[in-house]
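Heads up: the structure comes next, in structure tokens.
Chain naming here is simple, since letters A, B, ... match the order of the sequence lines and numbering starts at 1 in each. Atom set for the values below is all heavy atoms of this structure, side chains included, hydrogens, waters and symmetry mates excluded.
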Amino acid sequence: MNDQWIDVCAVGEINEEDVIRFDHGPYTYAIYRSADNEFFATAGLCTHESIHLADGLVMDHVIECPKHNGRFDYRTGKALGAPVCVNLKTYPVRVDAGRVLLAISV
Amino acid sequence: MSQDNTASTRDYRLTGPEAARAAERGLVSASWYQSPISRQRMKQLMQRRDGPALLDTAIWLLALLITGFGGYWFWGTWACVPFFLAYGVLYATASNPRWHETGHGTAFKTRWMNDALYQVASFMCMFEPHVWRWSHARHHTDTIVVGRDPEIVEPRPPSLFMMLLSLFQIPLLLKTMGGVCRHAVGKMDAQEQTFIPESEWSKVFLAARIWLVIYAVVFGAALYLHSWLPLMYIGLPILYGGWLSYLFGLTQHVGLAEDVLDHRSNCRTIYMNRVLRFLYMNMNYHLEHHMYPMVPYHALAQLHEEIRHDCPPPYANIGEAFKEIIPTLLKQRKDPSYFVRRPVGSSRPATDAHPQAEATLS
């Protein structure tokens, strides 16, 4: 399996301390921009009930599911307590020429 | 209006045939309608603050202290009655929305404050903390879906006898104490196993054992002192002060549609005065809460203003809600398929969910 870099959006399309949804093929991802201007990516759906995390609130380095308050550290994908028990998958992200790129395995 | 049900009396258990039927009908973990609101505005509304809940909690605890002291001071005379009536409502009714809001993680910005008040309020309203955390998550996933939602207050047809007992929270007391004893010896019932992951069971068992120790101490104190007084503060308030919590609970969904994917059809928003909103922590905006559960209680009135154009008209007061609820319950005794159809308009359910977020028929 090799990583393939996918163009997600321009840097300015994600606000600081916020998240957007990115769909690619049959998969959905959540792309984050932290308050200190770093970018991260995780699977797009909460591991509890398959809710889109991009509708949730980013607080510091935590994404909160908009439905049940499941929280994850989006840098590591770590589930931070009930009702989420399963960690999120994370993906490499980089910025190149003002574009946010996401690495997915192909 | 009557619903198209194949049977007049349905099986509300989570382990019965209705669970599979709900899955077949695409009602499990499905996409629910949400009134449109911009991401920017929603982010503003979802922002957490410590200030409002710190003030609210301070007032609540002070009121408990004053009424509790009045009850002690006048104990043995009729003058203690109004103090304990107030104490009971503050203890057993007001604790319920505080359990609820902290369970959603929306009362405070600071996580440990939510967790601490959650444990205290759970004990006061007799909701086992870990059982109800998971049960409430399911309630939000499958709101009033028969066979899936463990928090349907009045299954149809309603029993007036059970409702009378519920006014004194007797069914809750018996169910909770049965659950606490079962969990204290490390057992889960079949229904609980459908919504509590096994990895969480040890927390359920530990909390139940701690509760039993607390109750044993309170009972021991009552026996030692030859007085009911300790039980008037811990234990009995659920019986004499939980009535308003039950009435609040009736207003949320009772008499409205089952098995729909639109909270505008199965939730009530009711205007209430400041005292009731304080006790109820703004859960009178129940439709808004269900549609956007991560909006804190102190921002629900603002959310209501944002989406009210897309929602059925709110009820003017709690009395207007009961003018609808009581006749509906009486009709449902004869016709369990009867329910109130709220004027929802022509908006159709959201369909932009990603394929992976569609109903998982499991």
(message) Can you confirm whether more than 12 heavy atoms, excluding those of A:N37, are under 6.0 Å from its CG atom?
(response) yes
(request) Mind listing the closest non-hydrogen atom pair of B:R39 and A:A54 along with its distance? (result) NH1-O, 3.3 Å
(request) Tell me, out of A:N69, A:D55, A:V58, who's got the most heavy-atom pairs with chain B below 4.5 Å. (result) A:N69
(message) Heavy-atom pairs under 4.5 Å with chain A: which of B:K109, B:E200, B:R133, B:R48 has the most?
(response) B:R48
(request) Look at A:P83, A:G44, A:G81 and state which one has the largest set of heavy-atom pairs under 4.5 Å with chain B. (result) A:P83
(request) Look up atom CG in A:N15 and atom NZ in B:K43, then write down how far apart they are to the nearest 0.5 Å. (result) 5.0 Å
(message) For the NE2 atom of B:H140 and the NE2 atom of A:H68, what is their distance to the nearest 0.5 Å?
(response) 7.5 Å
(message) Nearest 0.5 angstrom please: A:K67 NZ to B:S29 OG, how far?
(response) 9.0 Å
(request) For A:C85 and B:P197, work out which heavy atoms get closest and say how close. (result) SG-CG, 4.4 Å
(request) Measure the spacing between OG1 of B:T106 and CD of A:E64 and express it to the nearest 0.5 Å. (result) 8.0 Å
(request) Measure A:V86 against the heavy atoms of chain B and call it side chain, backbone, both or neither at under 4.5 Å. (result) neither
(request) Side-chain contact test, heavy atoms from C-beta onward, threshold under 4.5 Å: evaluate it for B:R111 versus A:R71 and give yes or no. (result) yes
(message) Between B:S199 and chain A, with a heavy-atom cut-off of 4.5 Å, which part of the residue counts as in contact: side chain, backbone, both or neither?
(response) side chain
(request) Could you tell me the separation between the CG atom of A:L57 and the CE atom of B:M42, rounded to the nearest 0.5 Å? (result) 10.5 Å
(message) With a 4.5 angstrom heavy-atom cut-off, is it the side chain or the backbone of A:C65 that approaches chain B, or both, or neither?
(response) backbone
